[in-house]
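Report on the following structure.
Numbering of ligands and ligand atoms starts at 1, following listing order. Just so you know, these numbers come straight off a predicted model, no measurement behind them.
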Amino acid sequence: MKKLYIETLGCAMNTRDSEHMIAQLNSIEPYTLTTTVGEADLIIINTCSVREKPVAKLFSEIGVFAKFKKQGAKIGVTGCTASHLGKEIIKKAPIVDFVIGARNVSKITEVLDKKHAVEIDTSFDESNYDFSDYRTNNFKSLINISIGCDKGCTFCIVPVTRGEEISIPSSIILKEVQKSVDAGVKEIMLLGQNVNNYGKYFSQSDEVTNFTSLLQSVSRVEGVERIRFTSPHPLHMDDEFIEEFASNPKICKQIHIPLQSGSSSLLKSMKRGYTKEWFLNRCEKVRAKVPNVAISTDIIVGFPNESDEDFEDTMDVLEKVRFDQVFSFKYSPRPHTKAATFENQIPDNIASSRLTRLQARYYEILEEIMHSHMNEEHLVYFDELKSDGMVAGRTDSGKLILVKGSEELLGEIKKVKITKTSRMTLIGSLV
Ligand code: 5AD
Ligand code: SF4
C-alpha cells in the first residue's frame, strides 16, 4: 500500500481539508498514513498563511523533505500559502510536484500525475462537492458549513486564499452529520470562517435559512449529543442566536468570540464592523443567559497605529470579559491586505512588550478561573488515551480533563468531579 505523509498547519478548516484530501486519494487508491517522511510515496504540506512565520518556514521545510524523501516520492504544497504564492512555489522549489490552493482540495487526485500542476483558482466552487469519507478522530467530526470569507478585515489574508464566502447546502451538512453519528460520533464541530453568516449566499440553491436554524436542524439529528462551532463573528451575534445558544442543551457552552482589538478606533481601521461596547455587550448577554459559559478569543497586538490607549482598551476588555482562552498574536503584515499598506506600522519591540503584558495578565486570570472549578462536577466526553494510565476528555465548556482509566472510557460521556487544578489542565475522578 502507498504511504502518505501529511503535515497540517493552521486552523480546523485546514484539518478538515487534509481529511478531504486523504478521502479523495483513498477513493482512487488506498494510502496508509506515515509519520516518517523517508518512507512516504506522497508528501503533502498543507500550509497556513495567516502570519508570516510559517510561510517563511515552508521553503526550509521543503528542503528538508527533499533531502529525506525516498526516490520517486512526490511532494505537494497545498492550503492557504499555496493559494497566494501559486507557481512561485515551484519556481523557488522545483522539487515540488504540485500546488493546490485551499479552495481546490477536490483536485488532489487530478494533479498527482501532472508534473508541476498548479490549481489555485479562488473562485472554484467546492460548496456542493461530494467528498469521500475520511475522519482522523473517531469521536468528534469536523463539518464545513461554508467556504471562503467575505468580511475583508484589513489585516487578514483569508479572502485572498479562500475566496468569497459560499454556504454549503444544509442537506449536505445534515448528510455529513448523519454519517458521523452512524459511525458512533457524538460531537459535531461546525466549521466556517464566519459561521453565523451561514445562509447568506448559496451558489446552487435558493435555500432560505440562517445559522440558528442550522443549529436547530443539527441538534434534531438523533445521536448528536454535543455541538460546537467556530468561529462566529461578533457583529453577527444577534439575540436570536444567543437565545438558541443558551437554550439548546446540545450546544456546548463554549464560544469563541474573536475580539482582535479592544479599541473602537482600531476595530474601525481593521474593518471589523463593531465597537468595544458592542463586543462587551454581546459577551455580557451570553454570560447573563449562560453564567458558566467559557468564552475564548483572538487578539492582535501591534496593529498599525495602535497607541498605548488603544492597547489599554484591549487590556480593559480582557479584565472585563475574563476569557477562558486567549489566542494572542503580534500583527504580521500580509501580502494583498489593506493594513500592510497603512502608515505607522508598530515597531517590533513595542508589539512584543504589549504581547508579553497581555499574555501575563491572561495567565493570571486563567489560573484563577481554573482554580475556581475545584470540586465541581462536569460531564466529560472522553476521546484520548494518554500514556500514563490517564484518559483525556473535554467538559461541555471545552476544558481538558484527565482521569485515571482505560480505553473503556473512550467515546463515553461521564460525570467527573474535579480534584486538582492547574493552569492548563483539570484532574478529576469519575463520580
Ligand atoms: N497578523 C496577526 N494575526 C492575524 N490573524 C489574522 N491575520 C493576522 C495578521 N495579519 C489572527 C486573527 C485571527 C486568527 C485566526 O489569526 O486574530 O482571528
Ligand atoms: Fe486557516 Fe487562515 Fe491559516 Fe488559511 S490562513 S489555514 S484559513 S488560519
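- Under the 30°/60° scheme for interplanar angles, the aromatic rings of H20 and F131 are found to lie parallel.
- In the vicinity of F329, heavy-atom distances shorter than 4.0 Å reach the ligand 1 atoms 3 (N), 11 (C), 14 (C), 16 (O), 17 (O).
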Hey, can you pull the donor-acceptor pairs under 3.5 Å for the side chains in residues 282-291, sequence neighbours left out?
| residue | atom | partner | partner atom | Å |
| --- | --- | --- | --- | --- |
| R282 | NH1 | M237 | O | 2.7 |
| R282 | NH1 | D239 | OD1 | 2.9 |
| R282 | NH2 | D239 | OD1 | 3.2 |
| R287 | NH1 | V321 | O | 2.7 |
| R287 | NH2 | V321 | O | 3.3 |
| K289 | NZ | E243 | OE1 | 3.2 |

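- Scanning all heavy atoms of the two residues, the minimum distance from T161 to S83 falls at O-OG, 2.9 Å.
- Residue-level proximity to ligand 1 for V50 is carried by backbone and side chain together, each with a heavy atom below 4.0 angstrom.
- Considering backbone and side-chain N/O atoms, R334 never comes within less than 3.5 Å of an N/O atom of ligand 1.
- Every N/O-N/O distance between P333 and ligand 1 stays at or above 3.5 Å.
- Between H233 and Y274, the ring centre distance stays below 6.0 Å.
- Which of C153, S332, S49 comes nearest to atom 10 (N) of ligand 1 through a heavy atom is settled by distance: it is S332.
- Under a cutoff of 6.0 Å and an axis angle of 45°, R51 and F329 form a cation-pi pair.
- Residue S180 comes nearest to I188 through the heavy atom pair CB-CD1, 4.0 Å, listed as atom of the first residue, atom of the second, then distance.
- For atom 13 (C) of ligand 1, the nearest non-hydrogen atom from the set V301, D298, I157, L259 comes from D298.
- Which parts of ligand 1 touch Q260 is read off a 4.0 Å heavy-atom cut-off, strictly below it: atoms 12 (C), 13 (C), 17 (O), 18 (O).
- Counting atoms of ligand 1 from 1 in the listed order, those under 4.0 Å from a heavy atom of R51 are 1 (N), 2 (C), 3 (N), 4 (C), 5 (N), 11 (C), 16 (O).
- Those atoms of ligand 1 that come under 4.0 Å of a heavy atom in I300, given as number and element, are 3 (N), 4 (C), 5 (N), 12 (C), 17 (O).
- Pairs engaging residues 392-402 under the side chain to side chain donor-acceptor pair (under 3.5 Å) rule: D324-K399, T395-S397 [sequence neighbours left out].
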